[in-house]
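Everything below concerns the one structure shown next.
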Amino acid sequence: MYFLAILTGQLRLRKKAFANPEDAVRHGGLEFFREDPDVERCRRAHLNDLENILPFLFLGAVYSLTGPSLPVARLHFLVFLLCRVLHSAAYLLALTPPTRSAAYVLGQVPCVSMALQVLVAVVPYA
């Protein structure tokens with residue numbers, strides 16, 4: 001996620017495609033206040049990471065509080081990490097379908113598993 005933030009900024013500079021007029025003026029003029037397809041693809045990949053990783057961090061923290069088995073928790077986290085890296089690479093490199101969607105779906109498996117385990121852990125207290 002952090003890598004994509006840096007990459008988006010670097011692409012904006014390289015392609016001279018700025019989202020704000022003041023940035024464009026600073027780097028050559030208002031003609032650079034524009035969109036670029038490569039910058040937009042990178043920006044969308046970054047937004048997609050934000051939409052998925054931040055909820056995962058919250059869910060993973062709550063899941064960790066339920067006292068899960070350490071190897072099982074590590075497996076959940078590893079599967080999610082690998083799937084997000086693959087998803088981001090597939091997004092940036094425009095890999096052929098269904099690479100990106102398969103990475104997304106497989107990355108949701110540990111999320112659903114953790115959510116169910118959290119629910120099972122809290123039901124006795126309801």
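Here the CG atom belonging to Leu59 is positioned 9.5 Å from the OG atom belonging to Ser113, to the nearest 0.5 angstrom. Atom CD of Glu40 and atom CD of Glu35 lie 4.0 Å apart (nearest 0.5 Å). Note: Ile53 CD1 to Tyr2 OH = 14.5 Å, rounded to the nearest 0.5 Å. If you take CZ on Arg26 and CG on Asn20, they are separated by 12.5 Å, rounding to the nearest 0.5 Å. The CZ atom of Arg41 sits 8.5 Å away from atom CG of Asp38, with the distance rounded to the nearest 0.5 Å.
Between the side chains of Asn48 and Arg84, a donor-acceptor pair is found at a separation under 3.5 Å.
Counting heavy atoms from C-beta outward, Phe18 and Val25 have side chains that stay 4.5 Å or more apart. Put simply, the side chain of Thr66 does not reach to within 4.5 Å of the side chain of Gln117, judged on heavy atoms. Side-chain contact between Val118 and Leu65: absent, with no pair of heavy atoms (C-beta onward) separated by less than 4.5 Å. Side chains of Lys16 and Arg34 form a contact here, defined as non-hydrogen atoms less than 4.5 Å apart. Residues Val72 and His76 form a side-chain contact, since some pair of their non-hydrogen atoms from C-beta on lies under 4.5 Å apart. At a threshold of 4.5 Å between non-hydrogen side-chain atoms, the residues His27 and Phe32 do not count as touching. Residues Pro68 and Tyr63 are in side-chain contact: their nearest non-hydrogen atoms beyond the backbone lie under 4.5 Å apart.
Residues Leu57 and Leu47 are members of one and the same hydrophobic cluster, defined by side-chain heavy-atom contacts under 4.5 angstrom among Ile, Leu, Val, Met, Phe, Trp and Tyr. No single ILVMFWY cluster, assembled from side-chain heavy atoms under 4.5 Å apart, contains both Val39 and Ile6. Side-chain heavy atoms closer than 4.5 Å link hydrophobic residues (I, L, V, M, F, W, Y) into clusters, and following such links, even through other members, never connects Val109 to Leu86. Tracing side-chain contacts under 4.5 Å through hydrophobic residues (I, L, V, M, F, W, Y), one never reaches Met114 starting from Val79; they form parts of separate clusters.
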Inset, instruction - Could you please spell out the steps behind the side chain to side chain contact (heavy atoms under 4.5 Å, CB included) verdict for Leu54 and Met1? - result: CA-CA 10 Å; Leu54 294 178; Met1 188 168 60; 4.2 Å; yes
Legend entry - side chain to side chain contact (heavy atoms under 4.5 Å, CB included) evaluation trace for Leu106 with Leu82: CA-CA 10 Å; Leu106 289 174; Leu82 294 176; over 6 Å; no
Legend entry - Test log, rule side chain to side chain contact (heavy atoms under 4.5 Å, CB included), inputs Asp23 and Phe33: CA-CA 8 Å; Asp23 296 333; Phe33 175 51; over 6 Å; no
Inset, instruction - Before giving the answer on side chain to side chain contact (heavy atoms under 4.5 Å, CB included), spell out for Cys111 and Phe80 the whole-Å C-alpha distance, their side-chain angles and the decisive distance to 0.1 Å. - result: CA-CA 8 Å; Cys111 294; Phe80 184 82; 3.7 Å; yes
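Heavy atoms of other residues, nucleotides or ligands lying less than 6.0 angstrom from CZ of Arg74 number 12 at most.
Across all their heavy atoms, Arg12 and Ala19 have their closest contact at NH1-N, 3.6 Å. Closest heavy-atom contact between Cys42 and Leu4: SG-O, 4.0 Å.
A distance-only check finds no donor-acceptor pair linking the side chain of Arg43 to the backbone of Thr8 [under 3.5 Å]. In this structure, the side chain of Thr99 engages the main chain of Thr96 through a donor-acceptor pair within 3.5 Å.
For Phe77, the ring-ring contact (aromatic ring centres under 6.0 Å, His included) test picks out Phe56, with sequence neighbours left out.
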